[in-house]
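Numbering of ligands and ligand atoms starts at 1, following listing order.
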Amino acid sequence: MMKDRLLEILKPYGQEHLLAFWDRLGPDQQRSLARQIEAVDFLQLARWFEGRNRQADVRRLAERAAAPPGFRLDAAKNPFTAEQARRRAVEELCAGRLAAVVVAGGQGTRLGFEHPKGMFPIGPISKKTLFQIHIEKIIAAARRYGAAIPLYVMTSPATHDETIAFFDAHGRFGLPSDQLVVFCQGTMPVLDAETGRVLLDAPDRLAVSPDGHGGMLAAFERSGALADVRRRGIRHLFYFQVDNPLVDICGQEFVGYHLLAGSEFSTQVIAKRDPLERVGNVVEVDGRSMVIEYSDLPDDCARRRNPDGSLAIWAGSIAVHVMDVELVARRAEGVEGLPFHIARKKATYVDAAGRRVEPTSPNAIKFERFIFDLMPEANNAVVVEVDPSRAFAPLKNASGASEDTPEAVRRQMAALARDWLRQVGAEVGDRTVVEISPLFALDAEQLAARVPRGTRIAEPSYFG
Ligand code: UTP
């Protein structure tokens, strides 16, 4: 009998509760639940659960951590100039060797928006969605270089269908259909944090969550996207997260530094103002660059200073990377994939009595992969420092939170637009809300050709 067979799988791991509602399920539901159970590696889950409190020996690494090689905003010691970088990037972009990858599979729990985060209307005036803004940047860049920049969008089962329907309903915002590839990441079972039991999302459904932004690697290969970029002759992937509308997609300096350094994985960083800032710390240990999560970095290591008073561990990752297709292929085709990290988060579940429970504090363990775990394997990895006010405005929280809210993101978008307008000689009031469509100008250089010097802007204005 199917039930007995499943019990045999579950019993050794104390997971029999997954069949608590079995006798009440219809035949289709039973078959579906059986398929889900058979797909789980319970031995592996049990091992990870056992090791959940075993912190990797981060202290030893952190004590030896040095500043990573790379390019600072203060360019005095940089091995190449910004001008050299721009020239090199333009060559590669004109040759059509870059694609963009946006990860948009997260559940966006903190934002509390009931659609995929990419559908959030963020334009300060236009109310354009994050997806539209990103796509318009790609269309404008492809025009600028006379070469296509295909976009690969990673979704998860939670966001996949709605994302595809959204792109279809809006004609992909003008991106030709052969330039947009949507691929879906994998999921992992969610465990009860106390007992290690897999949670049920419904009597016939295991609770699962997307396997982290690092799930991109396996999903990229599995979905055929990797083969697709190779077929197109793409050599570098510009990777970003869906929730940052300021990201300069395929920006020339960043791409150019990556190329000039011969790097296989480059990442944008900001100079931390506070040693305990909640960003991943990019460091170099024994000649390899890596990221130490803020939650893993011991406070005394974080506070270490150089003789000149600057922070020793200074570089905070903003999750914008360029990675070489060769590196991705090397790792994606390996057996193991990237390691899993344990995150304690809230997860709704069905309890033994069949009631749906909405926890108010973290009750669950989720397994996530992080894309930056690729970094230590990359040759010549570098960091490139950016100015956060120009490059980073993550939409994380709902209105009312202290930071990273829709209002804060819109303010930053408008501030950057004012900054560009002033650079080209326009006069803009300090509080005047302005928005520049990527199709109008991708940067101040393009804006200069379209906005006459001395233009006065006193009213909210949209340049589109
Ligand atoms: P976050 O870790 O900030 O998660 O993701 P989130 O889903 O946006 O928000 P919370 O934590 O639930 O509130 C950073 C980026 O990584 C993507 C997200 O879509 C976002 O672009 N991501 C995250 C994935 O694509 N898959 C994942 O499994 C996790």
For ligand 1, which atoms sit closer than 4.0 Å to a heavy atom of [X]?
| X | answer |
| --- | --- |
| Gly212 | 26 (N), 27 (C), 28 (O), 29 (C) |
| Gln241 | 14 (C), 15 (C), 16 (O), 21 (O) |
| Val242 | 21 (O) |

Would you find more than 12 non-hydrogen atoms of other residues, nucleotides or ligands less than 6.0 Å from Glu194 atom CD?
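12 or below, so no.
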Taking the six-membered ring for Trp and the full ring for Phe, Tyr or His, determine whether the centres of His341 and Phe370 are under 6.0 Å apart.
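Between Phe370 and His341, which both carry aromatic rings, the centre distance is below 6.0 Å.
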Would you say the ring centroid of Phe173 lies under 6.0 angstrom from that of Phe166?
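Here the rings of Phe166 and Phe173 have centres that are less than 6.0 Å from each other.
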Whether [Y] and [X] form a salt bridge (side-chain N of Lys/Arg under 4.0 Å from carboxylate O of Asp/Glu) is what I want to check.
| X | Y | answer |
| --- | --- | --- |
| Arg411 | Glu407 | no |
| Asp324 | Arg235 | no |
| Asp387 | Arg390 | yes |
| Glu293 | Arg278 | no |
| Arg304 | Asp300 | no |
| Arg410 | Glu435 | no |

Are Arg72 and Trp314 in a cation-pi setup, meaning NZ or CZ lies under 6.0 angstrom from the ring centre and within 45 degrees of the ring axis?
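Relative to the ring axis of Trp314, which defines the angle, Arg72 lies inside both limits.
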Identify the protein heavy atom lying closest to [atom], giving its residue, its atom name and the separation to 0.1 Å.
| atom | value |
| --- | --- |
| atom 3 (O) of ligand 1 | Lys396 NZ, 2.6 Å |
| atom 26 (N) of ligand 1 | Gln185 OE1, 2.7 Å |
| atom 12 (O) of ligand 1 | Thr109 OG1, 2.6 Å |
| atom 21 (O) of ligand 1 | Val103 O, 2.8 Å |
| atom 23 (C) of ligand 1 | Gly106 CA, 3.8 Å |
| atom 11 (O) of ligand 1 | Arg110 NH2, 3.0 Å |
| atom 29 (C) of ligand 1 | His213 N, 3.7 Å |
| atom 8 (O) of ligand 1 | Lys117 NZ, 2.8 Å |

What do you reckon, does Gly108 put a non-hydrogen atom under 4.0 Å from ligand 1?
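It does; at least one heavy atom falls under 4.0 Å.
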Does ligand 1 have any atom sitting under 4.0 Å from a heavy atom of Gly215?
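No.
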Under 4.0 Å from ligand 1, counting heavy atoms only, is it the side chain of Pro210, its backbone, both or neither?
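It is both backbone and side chain that touch ligand 1.
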Any N or O on Met154 sitting closer than 3.5 Å to an N or O of ligand 1?
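Between Met154 and ligand 1, no N or O pair is found under 3.5 Å apart.
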